[in-house]
Amino acid sequence: MVQKTDKIWMDGRFVDWENANVHVLTHSLHYGLGVFEGIRCYETGRGPAIFRLREHVDRLFLSAHIFLMETPFSGEEISRAVIETVRVNGVKECYIRPLIYIGYGAMGLYPKDNPVQVSIAVWPWGAYLGEKGLNEGIRVKVSSFIRGHVNSNLSRGKVCGYYVGSQLAKKEAIDCGYDEALLLDTEGYVSEGSGENIFIVRNGVLKTTPLTSILEGITRDSVMEMAADEGIPVVQERFTRDEVYIADEAFFTGTAAEVTPIREIDGRTIGEGRPGRITRKLQAMFFDAVKGRNEKYGSWLTYV
Ligand code: PPE
């Protein structure tokens with residue numbers, strides 16, 4: 001169960017957690033058109049800090065733009081509301097979920113005059129793939145479901161409906177005894193996890209998929225920048241599932257998943273079956289950055 005907090009921001013005002021309800025004919029609930037973000041706030045030596053708030057709010061509005069949703073709030077207003085929501089709930093560390101959705105009004109596929117509504121909820125959320133996964137690595141299965149075609153699942157937007165496929169993939173992976181799914185794209189190349197971007201390491205080179213069929217992950221961007229700062233060569237290039245099979249190291253990145261090592265894929269051990277040197281280095285740098293322990297990445301933090 002999600003861990004409750006006190007208040008949820010809905011369309012400009014705070015509502016008690018228990019009363020944050022919508023009508024059952026809320027358009028997005030039926031047809032899947034809504035856009036959202038996942039952001040984390042971490043405890044630092046100077047109080048709670050939100051990681052890369054500006055980039056997340058920008059992506060939220062770009063998602064809305066892609067899907068032609070006119071948001072009745074500005075990015076500035078949503079940023080302030082995110083900070084306020086963390087503050088009023090008095091949480092030190094939390095996950096933040098802004099959602100822009102189409103409200104109650106007409107039914108059918110042309111909701112021209114339905115209100116576009118916004119909510120922001122926060123709740124404590126531990127390691128997405130388990131503490132053990134974060135420390136020792138997870139086991140991944142290439143999914144029989146694929147990342148939808150780029151002309152139907154517009155992958156640069158973080159849209160609710162996309163996650164139907166992600167859920168099918170995740171359930172299949174777990175039912176088969178794995179922890180997480182890796183989806184291929186329509187041409188058979190690796191795209192991303194059900195809710196994560198993927199990196200592999202081979203011969204000291206860090207490789208991640210290009211932006212063609214994936215969500216433009218903010219954790220992905222952070223990791224690439226930190227790797228470059230460390231002098232680790234980074235390439236964005238398509239690769240196949242067997243390149244993951246023979247990688248020295250592999251890991252997932254995501255706001256929820258943070259930097260989670262992958263120790264096995266489709267029954268093949270990756271490297272020595274435990275988090276590799278570069279993975280551990282980047283994971284440590286990531287946690288130092290989000291927890292305000294590295295001044296160099298101080299501009300990524302918004303103190304609450
Ligand atoms: N790809 C997908 C499909 C995805 O959903 C996410 C985030 C990422 C990549 C990584 O993006 P970023 O968070 O900007 O590094 N997935 C969100 C939802 C997870 C959930 O289960 O809910 C997240 O991590 O917040």
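Ligands are counted one by one from 1 in listed order, and the atoms in each one are counted from 1 as well.
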Asp266 and Tyr245: side-chain donor and acceptor closer than 3.5 Å? yes
For Thr208 and Gln236, test the side chains for any donor-to-acceptor distance below 3.5 angstrom and give the result as yes or no. no
I need the atoms of ligand 1 closer than 4.0 Å to a non-hydrogen atom of Ile218, numbered in the order shown. 12 (P), 14 (O), 15 (O)
Taking 4.0 angstrom as the limit and counting only heavy atoms of Arg97, give me the atoms of ligand 1 inside it, by number and element. 22 (O)
Report, in ascending order of atom number, the atoms of ligand 1 lying under 4.0 Å from any heavy atom of Ala256. 23 (C), 24 (O), 25 (O)
Of all the atoms in ligand 1, which lie at a distance below 4.0 Å from a heavy atom belonging to Asn197? 9 (C), 10 (C)
What atoms of ligand 1 come closer than 4.0 angstrom to any heavy atom of Gly254? 10 (C), 13 (O), 15 (O)
Distance under 6.0 Å and angle within 45° of ring axis: Arg40 vs Phe51: no
N or O contact, Arg59 vs ligand 1, cut-off under 3.5 Å: yes
Go through ligand 1 atom by atom and flag the ones less than 4.0 Å from a non-hydrogen atom of Gly38. 25 (O)
Side-chain donor-acceptor contact under 3.5 Å, Thr253 with Glu196: no
min-distance protein heavy atom vs atom 15 (O) of ligand 1 -> Thr219 OG1, 2.5 Å
Looking only at distance, does Thr255 have an N or O less than 3.5 Å from an N or O of ligand 1? yes
Can you confirm whether more than 12 heavy atoms, excluding those of Arg274, are under 6.0 Å from its CZ atom? no
Looking at ligand 1, does any of its N/O atoms fall within less than 3.5 Å of an N/O of Tyr163? yes
Given 3.5 Å as the limit, does a donor-acceptor pair link the side chain of Asn89 with the main chain of Val91, or not? no
Checking contacts here: is it the side chain or the backbone of Gln167 that comes within 4.0 Å of ligand 1, counting heavy atoms only? Could be both or neither. neither
For Ser194, the ligand 1 atoms whose distance to one of its heavy atoms is below 4.0 Å: 3 (C)
Ignoring hydrogens, just give me the one of Lys170, Lys158, Glu192 whose non-hydrogen atom is nearest atom 7 (C) of ligand 1. Lys158
Does NZ or CZ of Arg147 lie under 6.0 Å from the centre of the six-membered ring of Tyr162, at an angle within 45° of the ring axis? yes
Quick one: do the Tyr163 and Lys158 side chains pair a donor with an acceptor below 3.5 Å? yes
Do any N or O atoms from the side chain of His27 and from the backbone of Gly108 form a donor-acceptor pair under 3.5 angstrom? yes
Do Leu53 and Ile83 come within less than 4.5 Å of each other through their side chains, counting heavy atoms only? yes
Indicate yes or no: does an N/O atom of Gly195 lie under 3.5 Å from an N/O atom of ligand 1? yes
Do any N/O atoms on Ala257 end up under 3.5 angstrom from N/O atoms on ligand 1? no
Which ligand 1 atoms are under 4.0 Å away from a heavy-atom of Gly217? 11 (O), 12 (P), 14 (O), 15 (O)
Glu243 with Arg202: basic N within carboxylate O range, under 4.0 Å: no
Ignoring hydrogens, just give me the one of Trp125, Tyr95, Tyr128 whose non-hydrogen atom is nearest atom 23 (C) of ligand 1. Tyr95
